[in-house]
Every structure is written in C-alpha cells, then in structure tokens.
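First the proteins, then the strands, lettered A, B, ... as listed; each starts at 1.
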Amino acid sequence: MSARGRGRRSRFAPMLLLAFALVLVGGIYTAVAPNAAQADTQTTGDAAHGEKLFITNCATCHGTGAVGSDLAPSLIGVGAASVHFQVTTGRMPMQASGAQAPAKPPQFDESEALDLAAYVATLGPGPEIPTEDQVDPAQGSPANGMLLFRTNCAMCHNAVGAGGALTEGKYAPSLMESTPTVIYEAMLTGPQSMPGFNDATLTPDEKRDVIAFLMEQRGTQPGGFALGSIGPVSEGIWVFIVGLGSLIGIAVWVGSRSS
Amino acid sequence: MSSHEQQPSTEVARSGTDGRLPERFENPGLAPHRHRLADSDPKVSKRSERQVVVIFLISVLASIAGVVGYFVIPLDEPSILDVRLSTLVIGAGLGLGMLGIGVAAVQWARALMDDAEKVEDRHPMSAGPSVQQQAFEMLRDGGSEANIARRPVLKGAVGGALALAPLAFLVPLIGNLGADWDISKFARTAWRPVRGGDPERYYQGQYRYLAVDPQDRRIKASEITNNNIVHVIPHGLPEEEHYLEEKAKAVVLLVRVDPGLLKESAERADWSYEGIVAYSKICTHVGCPVALYEQQTHHLLCPCHQSTFDITDAAKVVFGPAKRALPQLPIAVDEEGYLYAKADFDEPVGPSYWQRER
C-alpha cells in the first residue's frame with residue numbers, strides 16, 4: 001500500500017509543483033514590483049539650478065543650450081511637461097541607446113525634475129506641467145473617457161491600458177502604474193513613438209476624462225482574474241495549461257485502476 | 001465471480017522461430033485478473049466507502065453554501081466586491097456540488113463496484129437471408145399496390161410537391177444572406193461631395209467637413225501640431241442613418257508631418273495641406289483599423305497582422321501582408337481654416353473583393 005501510495009503521489013507531483021511555482025512567482029512579483037511614484041504638489045522650479053543639472057547630466061547628448069545633436073533631439077520648445085514626464089518616469093537620462101527609452105527608477109527627485117523643466121521652459125514656449133485640478137480623476141467622466149480612450153489610445157495601449165507591442169522592440173507601456181500627471185503629460189507632448197494629442201484634439205477636460213477612465217481600471221476586477229488584461233495570449237496559456245491540464249488529469253484518474 | 005476466459009484459437013499459425021512475423025497473431029486472451037485491496041480486505045473496503053461518502057458530503061455542503069451565499073450576500077446596493085463575491089460563491093457552490101457528485105460516482109465505481117472484466121461477443125451485422133427476403137417482398141407488394149408505375153400524373157404530382165417543399169425554407173435562407181446586392185456601395189463613402197448639402201456639415205453645401213472622432217468637432221488645420229494625430233470622421237455623421245456602416249468605411253487618420261518629408265506624386269500634390277495628410281484607417285489586407293502610429297518613424301501599423309504603412313510615402317506598404325497602399329483622402333481648408341474633403345477616396349477602401357476593379 002505504501003509503495004502504491006508513493007507512486008500515486010509522484011504522478012501528481014509535477015502539477016502541484018507547477019501550481020506552487022506559479023503562486024511563488026506571482027507572490028514575489030507582487031511584493032517586488034515598484035509602486036507608482038507620487039507626484040509632488042510643487043509646480044515651479046529653479047531654472048538656474050536646472051541649467052546646472054542640465055549641463056552636467058543632459059548636455060552630452062542634447063547639447064549645450066539643448067540645441068540637439070546627432071544623438072538626441074533639440075529640446076527647445078518641448079516645454080516643461082515633456083521634461084517632467086521624461087525625468088520623473090526615469091526615461092531620461094537614458095540608460096543605453098536603443099529603440100525605446102524604458103521607464104526606470106528616476107535619477108532625479110521631484111524638485112530637481114521641476115528645476116530641469118523650468119530651465120528647458122525658458123528656452124522656448126511649450127506645454128506646461130498640468131495643475132492638480134487638471135489631472136484630478138474625481139472631476140472627470142470615466143464613461144466619456146472610455147469613448148476617447150477607445151478611439152485614440154486603445155490600439156497601442158490595450159483596451160484597459162495594459163500596454164502592447166510596436167515594431168522593432170518598441171512598445172506602448174502599461175498605464176496601470178502611471179500617475180495622472182504623467183498620463184496627462186504623455187498625451188500632451190507625445191513622448192518617443194507616441195503621437196501627441198494637443199488641446200484641440202483632446203481638450204484638457206477630455207484628457208481628464210481619459211485619466212478618470214484609466215483610474216477606474218485599477219480597482220477590483222468584477223470578472224475575477226484579469227490575467228494581466230492582455231487578452232488571448234495569457235488567457236490561452238491559462239486555458240491550455242490549467243484547463244486542459246486538469247481535464248487530462250481527471251481523464252488519467254478515471255482511467256487508472258484503483259489500488 | 002471472475003468471468004474472464006482464455007480461448008487460444010486453434011487455427012492460428014504458430015509464430016515462427018525464424019524471426020519472421022507469423023501470418024496471424026495468436027489471441028493472447030485477457031491478462032490474469034488482479035484483485036483490488038478493497039476486494040479482499042474489509043477494512044480497505046470500508047475506508048473506500050467512507051471516502052465516497054465524504055466526497056458526496058463535500059458536494060452537499062457546496063450546494064448548500066451556494067444557496068446560502070445567494071441569500072446572505074447583499075446585492076441591493078452592490079459594490080463591485082459584493083458582485084464578485086456573490087458570483088464566486090454561487091459559481092463555486094454549483095461547480096463543487098456537481099463536481100463532487102461526479103468524482104464520488106467515479107471513485108465509487110473504481111474502488112467498490114465489481115471490477116471483473118467481462119467479454120461480450122458482437123452480434124453479426126446482417127439480418128439473415130429469410131428476413132431480407134421478407135423485407136424485399138413487402139417493398140415490392142407496396143409498390144404494386146400503389147400502382148405508381150401506371151399513373152404517370154400522380155408520379156409527377158408527388159415529385160413536384162417533394163421538390164418544391166424545401167424552397168419555402170431555402171429561398172428565405174439564401175435571400176437573407178445578403179438582402180442588399182448593391183456592391184457599388186463599397187466604392188462610395190460618406191466623404192463624397194454632394195449637391196445642396198447642409199452648410200453645417202458641407203463646405204459650400206458640397207464638401208464634407210472633417211471632425212474629430214468621437215466628439216464630432218470640426219478641425220482647423222492650424223490646430224494640428226507636428227507629429228500629432230487626429231482620428232477623423234465626416235462631420236455630423238453620428239446623427240445620420242446607418243452611422244456605424246458609414247463610419248466603418250469613412251474613418252480617417254489625420255497626421256501632420258514636416259512637409260519636407262512628404263514624398264508626393266504630381267497628381268496628388270494638392271491632396272495634402274501644409275504637411276497634413278489624411279489616410280483611410282481601414283487596412284487593405286483584411287480591414288482592421290490601422291491606427292498604431294509611431295511618430296518617430298512615421299509608420300502606421302496594423303494591429304491584426306502587422307502590416308506597416310509609411311505615412312510620408314503615400315502610405316505605401318513597407319512590411320506585412322497588405323498588398324496596396326492606404327487610400328488617401330484629398331483635403332483642403334475653407335476661409336476660416338476648417339478642413340474639408342475635396343473628394344471621396346479615388347478607390348474603394350479596405351480589403352480587396354472580386355468586383356473591385358469594375
């Protein structure tokens with residue numbers, strides 16, 4: 001009996017091991033994944049300090065006076081919003097040249113980012129950092145935001161903002177961890193591969209609606225497991241491994257002889 | 001108890017010892033039956049019985065939990081959490097209740113019911129000559145009694161009725177496949193100029209204004225900044241009949257690029273306006289909305305099969321399964337600076353179809 005018992009345990013061991021590994025990986029990811037940075041309320045920076053920071057950290061690629069070079073574009077007229085977006089999400093300074101400047105832990109704190117933004121804003125007029133009111137999801141309409149998001153954003157960023165692939169290693173990042181300010185700035189300035197949506201295409205109120213819609217996506221999912229909200233890939237893997245796996249397991253059990 | 005039997009066939013050729021395959025394999029019969037522990041040991045049998053009872057009990061508890069969950073979880077003013085919990089409890093109760101019955105029944109059969117193999121021979125398929133003979137005779141008698149061969153009018157009437165009866169079913173079925181066979185519609189969109197149109201929607205009553213999708217606001221050329229995109233519909237379309245069908249053909253993507261980058265052919269030189277170009281958003285491959293625009297490369301990407309179109313070069317295909325460039329919408333501005341369509345697309349939008357070139 002004990003020998004048979006052992007043999008039976010070993011048959012289910014791989015399945016249990018797989019389930020255990022999945023739970024473990026998920027748990028570690030949840031524990032380790034970085035949380036969204038909180039935007040500071042301070043909105044004006046010290047342009048003189050910003051210039052110093054710019055010369056030491058950015059001028060190598062963007063050139064003195066931000067006129068641009070072979071490596072990087074000119075920043076004259078990109079505005080404070082663009083700088084604030086790139087610096088507070090850690091996309092700039094860029095770690096390595098490549099198809100995409102990925103988000104990473106920011107190198108400058110909020111006040112330094114504001115100083116840099118203030119300096120670049122003195123070089124030429126450009127989009128400004130939005131106010132707290134402009135990005136307050138409570139004042140936006142998630143329903144209208146959904147209509148706008150579906151038409152303008154969902155094709156790259158996925159129906160709920162989970163992100164998606166572009167060409168040659170580029171991708172539209174997930175918006176699940178982005179702060180409302182950063183989302184607003186991205187719409188306004190069009191960073192990297194993303195086209196811009198100026199205030200004529202999406203008015204400030206409409207941008208706030210989009211933010212309100214995105215914030216709605218972060219709560220509890222009424223449908224249960226969202227599996228990353230990335231559609232057929234993760235759902236298909238789930239069905240094949242968990243669904244078909246358990247059907248095969250049951251079939252094997254039904255067909256096996258009882259001890 | 002055991003009814004398995006071994007019947008080695010006597011006519012089977014003995015398997016050769018020279019390594020070649022025999023002409024026929026000997027029937028090996030059934031392997032000797034091994035009894036389960038539960039068959040000989042009453043303690044094990046009792047334990048298996050308890051197992052089955054426990055699984056049935058789990059099923060009972062799950063079913064009760066599902067019903068209790070329905071009454072206990074409040075859904076009068078539900079939060080999303082409540083809805084989720086209610087669905088989960090009812091579903092889990094129903095699922096475990098049924099699964100438990102199934103698992104217990106299988107376990108019952110495996111562990112407690114008689115597990116001896118039994119052999120049952122197949123019956124011959126044929127009914128036997130006498131029965132066949134009788135059936136043929138009945139058919140022949142029926143035929144001659146009906147006198148069908150001597151009454152040609154009756155034969156024709158029966159045949160006609162039988163042939164026509166399915167038509168009442170088939171004609172509507174085929175007719176409903178496409179109530180509308182007017183394929184020339186594919187070649188026209190809501191952008192085509194009209195006579196005497198509403199001046200709110202048509203410039204000079206003729207040319208359709210461009211509007212932002214979905215807000216339906218008219219667009220000034222000066223409002224579009226470099227490397228911005230605008231998803232566009234014909235102005236006023238949401239209030240019109242067959243809105244979705246018309247929108248599906250008329251959606252356009254408006255992009256502004258540096259005019260120096262545009263490679264425009266001579267006949268299309270005046271189709272753009274100061275670097276603003278408008279292309280159909282419907283992929284020429286199978287008609288997905290091509291809307292993933294990479295502003296650094298000016299490439300427009302289709303999400304379905306990765307067809308890539310170069311916006312600066314007449315939306316020609318640079319990658320993927322699409323065969324034709326995206327149709328371009330010729331645009332211009334009125335006195336106030338609002339964009340309008342000077343003409344319809346000069347070719348049908350979307351994927352190919354048989355009559356496309358006619």
Side-chain angles (χ1 to χ4, degrees), chain A residues 1 4 73 77 99-101 126-127 144 146-158 164-168 170-172 187-203 205-206 209 216 219-225 231 246 250-251 253-259, chain B residues 34 36-39 41 44 48 78-84 87-88 91 99 102-103 106-107 109-113 115 212-215 217 219-220 222-231 233 251 253-256 281 288-297 299 301-303 306 308 319:
Chain A
M1 179 64 207
R4 287 197 181 101
Q100 179 122 358
N144 191 39
M146 183 192 72
L147 287 178
L148 298 167
F149 190 88
R150 207 165 56 187
T151 307
N152 291 291
C153 325
M155 60 292 282
C156 298
H157 283 290
N158 163 301
L166 294 172
T167 59
E168 296 172 8
K170 287 168 280 189
Y171 56 89
M187 284 188 272
L188 192 58
T189 62
Q192 299 190 35
S193 293
M194 178 172 165
F197 297 89
N198 65 22
D199 286 349
T201 317
L202 284 179
T203 64
D205 282 354
E206 287 164 353
D209 293 347
E216 285 280 312
T220 314
Q221 296 282 343
F225 298 131
S246 35
I250 289 172
W253 174 71
V254 168
S256 67
R257 275 180 64 91
S258 170
S259 60
Chain B
R34 275 207 318 261
R36 296 167 305 191
L37 268 178
D39 295 333
D41 189 343
V44 180
S48 298
S79 76
I80 282 178
L81 266 179
D82 288 338
V83 174
R84 181 176 165 172
T87 317
L88 187 70
L99 187 73
V103 171
V106 171
Q107 180 64 9
R110 291 171 79 237
L112 293 172
M113 287 183 191
D115 74 331
V212 186
D213 181 26
Q215 301 100 315
R217 265 197 312 262
I219 314 159
K220 278 187 176 167
S222 57
E223 288 171 345
I224 302 170
T225 31
N226 250 5
N227 291 335
N228 268 235
I229 58 166
V230 189
H231 297 269
I233 49 171
V251 277
L253 193 79
L254 209 60
V255 184
R256 183 171 213 149
K281 226 163 83 177
C288 293
V290 193
L292 288 77
Y293 179 61
E294 296 184 358
Q295 60 111 341
Q296 287 172 325
T297 52
H299 285 173
L301 180 65
C302 181
Q306 282 69 48
T308 309
F319 179 81

Heavy-atom pairs under 4.5 Å with chain B are the metric here; pick the option from Leu147(A), Asn152(A), Ile250(A) that has the most.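 Ranked by heavy-atom pairs under 4.5 Å with chain B, first place is Asn152(A).
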
Do you know which of Thr308(B), Asn226(B), Val103(B) has the most heavy-atom pairs under 4.5 Å to chain A?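 Ranked by contacts with chain A, first place is Val103(B).
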
Among the listed options Asn228(B), Leu81(B), Val44(B), the residue most often paired with chain A at heavy-atom distances under 4.5 Å: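 Winner by heavy-atom pair count: Asn228(B).
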
Which portion of [X] sits near chain A, non-hydrogen atoms under 4.5 angstrom:
| X | result |
| --- | --- |
| Val251(B) | neither |
| Val212(B) | side chain |
| Asn227(B) | backbone |
| Ile224(B) | backbone |
| Leu301(B) | side chain |
| Thr225(B) | both |
| Ser48(B) | neither |

Within the structure provided, determine whether [X] and [Y] are in side-chain contact (heavy-atom separation under 4.5 Å).
| X | Y | answer |
| --- | --- | --- |
| Val290(B) | Met155(A) | no |
| Glu223(B) | Asp199(A) | no |
| Glu216(A) | Met146(A) | no |

Contacting region of Ala165(A) [heavy-atom separation from chain B under 4.5 Å]: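 Contact with chain B involves the backbone of Ala165(A) alone.
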
Residue part contacting chain B, namely of Glu206(A), when any heavy atom lies under 4.5 Å: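 For Glu206(A), the contact with chain B is made by the side chain alone.
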
Is it the case that Gln306(B) and Thr167(A) place a side-chain donor and acceptor less than 3.5 Å from each other? no

Locate the shortest heavy-atom distance separating [X] from [Y]; write the atom from each residue and the value.
| X | Y | answer |
| --- | --- | --- |
| Pro289(B) | Pro303(B) | O-CD, 3.3 Å |
| Gly190(A) | Gln295(B) | O-NE2, 2.9 Å |
| His231(B) | Ala291(B) | CE1-CB, 3.8 Å |

Is it the case that atom CD in Glu168(A) sees more than 12 heavy atoms from other parts of the structure closer than 6.0 Å?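 Incorrect, the count does not exceed 12.
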
